[in-house]
Amino acid sequence: MRPIFAMLAMLVLAQCATPEDTRFRVGEAPRAFVVIGIAEAQSNTSPRYTMLWRRLDAQGRFTTFNDDTIFQPRTHMGNSVRVRGIPGEFAMAEVEPGVYALDSTFALIEDRRVNYSANGVIVGPERPSFEVRPGEAVYLGIWQLDLEAVTAVARPWRLDQADAAAAMRDANAVVGSVTLRQVQTRAVPCTPRQLNPRSQRQIC
């Protein structure tokens with residue numbers, strides 16, 4: 001009998017040690033999931049770029065800047081997904097459902113002991129935006145990040161189902177289908193300001 005009890009105990013322990021499936025489940029999760037490709041322009045690959053998408057309130061204005069209201073894809077991040085044959089990398093995150101608009105793009109160039117930065121606040125008011133609903137996973141396509149003189153810019157490059165499928169296959173982060181979402185132009189007022197007193201970065 002002892003060997004049987006020992007085997008049962010091992011099975012119970014094995015089940016307890018099985019990691020929980022934390023993947024986003026389309027149609028079930030209360031939050032939403034956003035995927036975007038970010039690729040540096042060939043002429044400006046040195047900077048570390050950041051895109052800032054911010055959720056809008058019911059009046060169509062930017063909400064307060066905090067972790068629950070932003071989506072910040074960055075280049076050269078350790079948790080981004082790279083797919084052989086596709087330019088750049090893919091950033092993905094769970095977010096609160098709602099309408100998001102592109103606040104700004106930021107570039108940081110590290111040169112030994114001195115850092116140079118380039119802001120790209122969209123004063124607008126016209127800017128790219130998208131909506132994502134509860135339980136929905138959306139793909140925004142690949143965006144090209146670049147420097148124009150002293151301004152960081154981001155432009156949509158391509159929106160392709162094959163790119164989305166390849167990224168999600170490698171990431172294995174979602175259970176269910178990811179919807180291609182074409183961004184729309186939306187007017188959102190902006191008064192540029194410093195992100196914080198210690199940063200040169202500007203946001204709306």
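For clarity, every value in this text was computed on a predicted model and none was experimentally measured. Sequential numbering from 1 along the given sequence is applied to the chain's residues.
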Which pair of heavy atoms, one from [X] and one from [Y], lies closest together, and at what distance?
X: Ala171; Y: Met92; result: CB-SD, 3.7 Å
X: Arg54; Y: Ile203; result: NH1-CD1, 4.1 Å
X: Pro128; Y: Trp53; result: O-CZ3, 3.8 Å
X: Ala152; Y: Ala118; result: CB-O, 3.6 Å
X: Gly141; Y: Ile36; result: O-CG1, 3.5 Å
X: Ala137; Y: Val26; result: CB-CG2, 4.0 Å

When you check the gap from the basic side-chain N to the acidic O, do [X] and [Y] get nearer than 4.0 Å?
X: Arg31; Y: Glu96; value: yes
X: Glu131; Y: Arg181; value: no
X: Asp160; Y: Arg158; value: no

[X] vs [Y] side-chain heavy atoms within contact, under 4.5 Å:
X: Pro97; Y: Pro134; answer: yes
X: Ser117; Y: Phe106; answer: yes
X: Tyr49; Y: Arg74; answer: no
X: Leu56; Y: Arg186; answer: yes
X: Val138; Y: Val35; answer: no
X: Val83; Y: Val81; answer: yes
X: Ile70; Y: Phe65; answer: yes
X: Gln182; Y: Pro156; answer: no

Output, in order, the C-alpha distance, side-chain angles, deciding distance and verdict of side chain to side chain contact (heavy atoms under 4.5 Å, CB included) for Val153 and Leu145.
-> CA-CA 6 Å; Val153 296; Leu145 306 177; over 6 Å; no

Counting distance only, does the side-chain N/O of [X] pair as donor-acceptor with the main-chain N or O of [Y] below 3.5 Å?
X: Asp57; Y: Gln59; answer: yes
X: Ser199; Y: Asn196; answer: no
X: Arg48; Y: Ala107; answer: no
X: Thr185; Y: Arg127; answer: no
X: Ser129; Y: Gln184; answer: yes
X: Gln72; Y: Met51; answer: no
X: Asp103; Y: Cys204; answer: yes

Under 4.5 Å between side-chain heavy atoms, hopping through other hydrophobics if needed: is there a path connecting [X] to [Y]?
X: Ile38; Y: Val34; result: yes
X: Leu102; Y: Val183; result: yes
X: Phe71; Y: Leu52; result: no
X: Val174; Y: Leu180; result: yes
X: Ile142; Y: Leu159; result: yes

Just checking, is any N or O donor in the side chain of Arg201 or Asn119 under 3.5 Å from an acceptor N or O on the other one?
->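 Side chains of Arg201 and Asn119: no pair found under 3.5 Å.
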
Yes or no on side chain to side chain contact (heavy atoms under 4.5 Å, CB included) for Glu40 and His76, after CA distance, side-chain angles and deciding distance?
-> CA-CA 10 Å; Glu40 304 148 328; His76 306 292; 2.7 Å; yes

More than 12 heavy atoms of other groups within 6.0 Å of Gln200 CD |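 12 or below, so no.
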
Take atom CG of Asp21 as the centre, draw a 6.0 Å sphere, and report whether it contains more than 12 heavy atoms from other residues, nucleotides or ligands.
->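 Enclosed.
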
Quick one: [atom1] on [X] to [atom2] on [Y], what's the gap to the nearest 0.5 Å?
X: Gln161; Y: Asp163; atom1: CD; atom2: CG; result: 9.5 Å
X: Arg198; Y: Leu195; atom1: CZ; atom2: CG; result: 9.0 Å
X: Gln202; Y: Arg193; atom1: CD; atom2: CZ; result: 9.5 Å
X: Leu147; Y: Ser46; atom1: CG; atom2: OG; result: 9.0 Å

For Val188 and Ile122, what are the C-alpha separation, side-chain angles and deciding distance, and is it a side chain to side chain contact (heavy atoms under 4.5 Å, CB included)?
-> CA-CA 10 Å; Val188 184; Ile122 302 175; over 6 Å; no

Could you check Asp170 against Phe90 for side chain to side chain contact (heavy atoms under 4.5 Å, CB included), going step by step and ending with a plain yes or no?
-> CA-CA 10 Å; Asp170 282 18; Phe90 294 91; over 6 Å; no

Assign the ring pair Tyr100 / Phe130 to parallel, tilted or perpendicular, where the plane angle (0 to 90°) is split at 30° and 60°.
->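 Correct class here is parallel.
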
